[in-house]
Visitor: 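This is the structure, below, for whatever I ask next.
Each chain gets a letter, A, B and so on, in the order its sequence line appears, and its residues count up from 1. The analysis underlying the following values was restricted to heavy atoms, covering all of them including side chains, and did not include hydrogens, waters or symmetry mates.
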There are 2 protein chains.
Amino acid sequence: MNLKQLAAHLNLSQTTVSRALNGYPEVNAETRARVNEAAQRFNYRPNPHAMRLATGRSHAIGHVLPSDRTLMIDPHFSDFIAGAGEHYSANGFDVLFNVGGPEDERSVYRRYAQSGAVDGVVVMGPRLDDWRIDLLGELELPFIVHGRIGDLEDGYAWLDIDNRGAFQRAAKLLTDLGHRRIALLNGVEIMTFAVHRRQGYEEALSAHGIGIDPAIMSSDQMTEENGYRRTRHLLDLNERPTALLCSSMLFVSGAVRAVHEKGLHVGEDISIIAHDDGLPFLKAEGLSPPLTTLTSSIREAGTRVAQLLLQMIAEPSAPLPAELWSVDLIVRGSTGPAR
Amino acid sequence: MNLKQLAAHLNLSQTTVSRALNGYPEVNAETRARVNEAAQRFNYRPNPHAMRLATGRSHAIGHVLPSDRTLMIDPHFSDFIAGAGEHYSANGFDVLFNVGGPEDERSVYRRYAQSGAVDGVVVMGPRLDDWRIDLLGELELPFIVHGRIGDLEDGYAWLDIDNRGAFQRAAKLLTDLGHRRIALLNGVEIMTFAVHRRQGYEEALSAHGIGIDPAIMSSDQMTEENGYRRTRHLLDLNERPTALLCSSMLFVSGAVRAVHEKGLHVGEDISIIAHDDGLPFLKAEGLSPPLTTLTSSIREAGTRVAQLLLQMIAEPSAPLPAELWSVDLIVRGSTGPAR
DNA sequence: ACAATTGCTCAAAGCGCTTTGGGAAATCAT
DNA sequence: ATGATTTCCCAAAGCGCTTTGAGCAATTGT
């Protein structure tokens, strides 16, 4: 059942039916009711391709994952997209998902812009200096960044969590507990979030007159194995750290394993705080002892980012949104006074 | 630059240009070369919406995730999709990604079928008795299942790994090592893969005259916490198992934690074998001792599934593909003779 | 030599929707 | 009663592509 048939059935023109369905004002209330009723009864749905061709808008959002093969499909990303996806569906938007195949990431964006395949894109995992905003700006493709491009805050839409503040507070909690050797297991520091976290960490230490020691700071992909390897190494050090700040729960699994292997106990011999994005398969509360965390739902961030982007598309002249979410510090059993 | 302009520029009709570009035979080789050259030069790309409207085919594949809120966004799924996505991109197909929002899963499929939004879908995480194949068959929407619907092997396209055989071999390895109390940490047993794994496990035990003891078998969502909780409980049992068969690496993190907490050693006091889907953030080789695993890349499965589906779409009359992949058993350090 | 075939190209008709530019009837103002 | 508005609806033009059905040359067959 298409528009033509529906219109014929109602003895109305396609114009009127289309307008009735799309809520235009210049249609009689009674007629509109009739149209809606009939549409419902025949389960009429406009053909999306025709709609897109006619309007030039695609009702779709693009998410493109880095083509870099070494950069794995991070579970953080999937959870974020899951959150966003829910909001898109709720608003009748499709999600176009692009995992860098042979086509290089730039050309994907170019194609999107040129063909109008999507109405907007979200940029995930922004780097300190990210070519994507320049390209997207040039292409005039609406976009929003989850995170920030270094310390840049203007000229693009973004939603970020206060990584710097969060890690500062976490580190401060540790210094308050008397820790002076606090190790940092960070993500790859070309990513903005990782840099911000290091900055927060360093600020807190400096504020307490504790020197920054690169020997107990690391920057790796966030995997179990790296968590283990780095912690193992840290525990073998002469001046072994008494506390550990982890950028991801993924590190924690490995870190805890290393601690156990050394016959040490989390929360007593060594304090651990991790940033918890709320990954559903790895719960901080479920660990023993329950883990003290910086908590912020990456899934909710996804939902909000989607919402903001859709608003941007609906109202292109509105000022660009920018949101900085604060992060909760939840103290549980993995932190204790320094030995 | 659209077709009309390109045609005008070449002093050709749209028909000819279109045909030249789409490889139809009835166009002069020289003309085709000219067209291709010009298309390249002007970076012409056909408008996908127009193409879709004209052909009725969408050049897109749908992946819809269960709307069930309790069913988390499984990292296994994302890795699978990542694999598939690469193949789609390589062939100019888009991926439509749908995370069950308010719209219920059935209506998503209905909408897909009715509007022609996608040319096909892949069914992930099939249940023992899955309504999706009936619906999709009825809707005449091409689809392929990653896994199988119970023991059904005909009437639909699928690609599965030999879960039953794999777990049989793994259990047999353990019995060969002298283990008689072998626990099973399985996924939720409404999923076909989990049932197959249990069957393989039970067959191996029965073959060795070992009774099936439900007290040391469990069926849960595959999370770290469940792995920990179940293992913890197992180790407290009077007749503590000497070996553990895990359906996912996600369980293993928790299981190992429980073992360590008890002061026991993996590979000595207790043997562990896990199914490893190749999740990039959790490597079996990286554990200590390195884990003996059933190994099968879920990402490669994704790529292959995508390839098969695209073939099905291109050649609808061809027989439905069905592939059963064998699983590698890689013996590492986490398995040893029973104490 | 003429008809039949082949090779290449084109004009025009869709695909199913939105949107423009009217226009007839009903309502209002004077 | 007349002109000016307002209300509601319509025919037709597009959106940018594919595809049908012809048509003109050039080639082939007899």
Visitor: Quickly work out the L10(B) CG to dC8(C) C1' distance and round it to whole Å.
Guide: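 Rounded to the whole Å, the gap is 16 Å.
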
Visitor: Checking F97(A) now: which residues fulfil ring-ring contact (aromatic ring centres under 6.0 Å, His included) with it, not counting sequence neighbours?
Guide: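 Testing F97(A) for ring-ring contact (aromatic ring centres under 6.0 Å, His included), a comparison that skips the adjacent residues, returns F97(B).
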
Visitor: Calculate the interatomic distance between N28(B) atom CG and dA25(D) atom C1'; express it in whole Å.
Guide: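 Atom-to-atom, N28(B) to dA25(D), this comes out as 13 Å.
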
Visitor: CG of L3(A) versus P of dT18(C): gap in Å, rounded?
Guide: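 It works out to 7 Å between those atoms.
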
Visitor: Return the CD to CZ distance between E26(B) and R32(B), rounded to the nearest 0.5 Å.
Guide: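 It comes to 8.5 Å.
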
Visitor: Can you name the ring-ring contact (aromatic ring centres under 6.0 Å, His included) partners of Y88(A), sequence neighbours left out?
Guide: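 Testing Y88(A) for ring-ring contact (aromatic ring centres under 6.0 Å, His included), a comparison that skips the adjacent residues, returns H63(A).
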
Visitor: Axis-to-axis angle across the helix from dA1(C)-dT30(D) to dT30(C)-dA1(D), five pairs an end, to 10 degrees?
Guide: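 Computed angle between terminal axes is 40°.
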
Visitor: When you measure from the side chain of R132(A) to the backbone of M124(A), do you find a donor-acceptor pair of N or O atoms at a distance under 3.5 Å?
Guide: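 The answer is yes, because a donor-acceptor pair under 3.5 Å joins these two groups.
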
Visitor: From CG of N2(B) over to C1' of dC15(D), roughly how many Å is that when rounded to an integer?
Guide: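 To the nearest whole Å, that distance equals 10 Å.
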
Visitor: Between the protein and nucleotides 4-7 of chain C, are there any N/O to N/O pairs under 3.5 Å, and if so, what are the atom names and distances?
Guide:
none

Visitor: Mind checking side chain to side chain contact (heavy atoms under 4.5 Å, CB included) for E37(B) and listing every partner two or more places apart, or none if nothing turns up?
Guide: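 Checked E37(B) against side chain to side chain contact (heavy atoms under 4.5 Å, CB included); matches are R41(B).
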
Visitor: Please list residues of residues 14-26 of chain A whose heavy atoms come under 4.0 Å from any atom in DNA chain C, ordered by number; otherwise none.
Guide: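 Contacts with DNA chain C under 4.0 Å: Q14(A), T15(A), S18(A), R19(A), N22(A), Y24(A).
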
Visitor: Tell me every residue that passes ring-ring contact (aromatic ring centres under 6.0 Å, His included) with Y112(B), counting only those two or more places apart in sequence or in another chain.
Guide: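 Not a single residue meets the ring-ring contact (aromatic ring centres under 6.0 Å, His included) criterion with Y112(B).
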
Visitor: Identify, with sequence neighbours excluded, every residue that meets side chain to side chain contact (heavy atoms under 4.5 Å, CB included) alongside N47(A).
Guide: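 Applying side chain to side chain contact (heavy atoms under 4.5 Å, CB included) to N47(A) gives H49(A), A50(A).
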
Visitor: Tell me which nucleotide among dC17(D), dT19(D), dC15(D) gets nearest to the side chain of A54(A).
Guide: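 Selected nucleotide: dC15(D).
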
Visitor: From C-beta outward on S13(A), which listed nucleotide comes closest to its side chain: dC17(C), dC10(C), dA11(D)?
Guide: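 My answer, after comparing the listed nucleotides, is dA11(D).
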
Visitor: For E138(A), what residues pass the side chain to side chain contact (heavy atoms under 4.5 Å, CB included) criterion, not counting sequence neighbours?
Guide: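 None.
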
Visitor: Between dG16(D) atom P and L53(A) atom CG, what is the distance in whole Å?
Guide: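 Atom-to-atom, L53(A) to dG16(D), this comes out as 7 Å.
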
Visitor: Could you check how far CE of M51(B) sits from P of dT18(D), rounded to whole Å?
Guide: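 Answer to the nearest Å: 7 Å.
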
Visitor: For P142(B), enumerate each residue passing the side chain to side chain contact (heavy atoms under 4.5 Å, CB included) test, keeping only those at least two apart in sequence or located in another chain.
Guide: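 Testing P142(B) for side chain to side chain contact (heavy atoms under 4.5 Å, CB included), a comparison that skips the adjacent residues, returns I313(B).
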
Visitor: Please determine, for the side chain of L12(B), which listed nucleotide (dT9(C), dT18(C), dG14(C)) has the closest atom?
Guide: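 Nearest to the side-chain atoms of L12(B), counting from C-beta on, is dT9(C).
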
Visitor: Is the CG atom of N43(A) crowded by more than 12 outside heavy atoms at less than 6.0 Å?
Guide: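 Correct, the count exceeds 12.
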
Visitor: Please identify each residue that fulfils ring-ring contact (aromatic ring centres under 6.0 Å, His included) with Y24(B), with sequence neighbours left out.
Guide: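 Not a single residue meets the ring-ring contact (aromatic ring centres under 6.0 Å, His included) criterion with Y24(B).
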
Visitor: In whole angstroms, how far is the C1' atom of dT18(C) from the NZ atom of K4(A)?
Guide: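 Nearest whole value for this atom pair: 15 Å.
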
Visitor: Between dC8(C), dC9(D), dG16(C), spot the one nearest the side chain of T31(A), thanks.
Guide: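 Of dC8(C), dC9(D), dG16(C), dC9(D) is nearest to the side chain of T31(A).
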
Visitor: The criterion is side chain to side chain donor-acceptor pair (under 3.5 Å); which residues satisfy it with D277(A), sequence neighbours excluded?
Guide: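 D277(A) satisfies side chain to side chain donor-acceptor pair (under 3.5 Å) with H76(A), H275(A) once adjacent residues are dropped.
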
Visitor: Grab the CZ-C1' distance between R52(B) and dC17(C) for me, whole Å please.
Guide: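 It is 16 Å, rounded to the nearest whole Å.
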
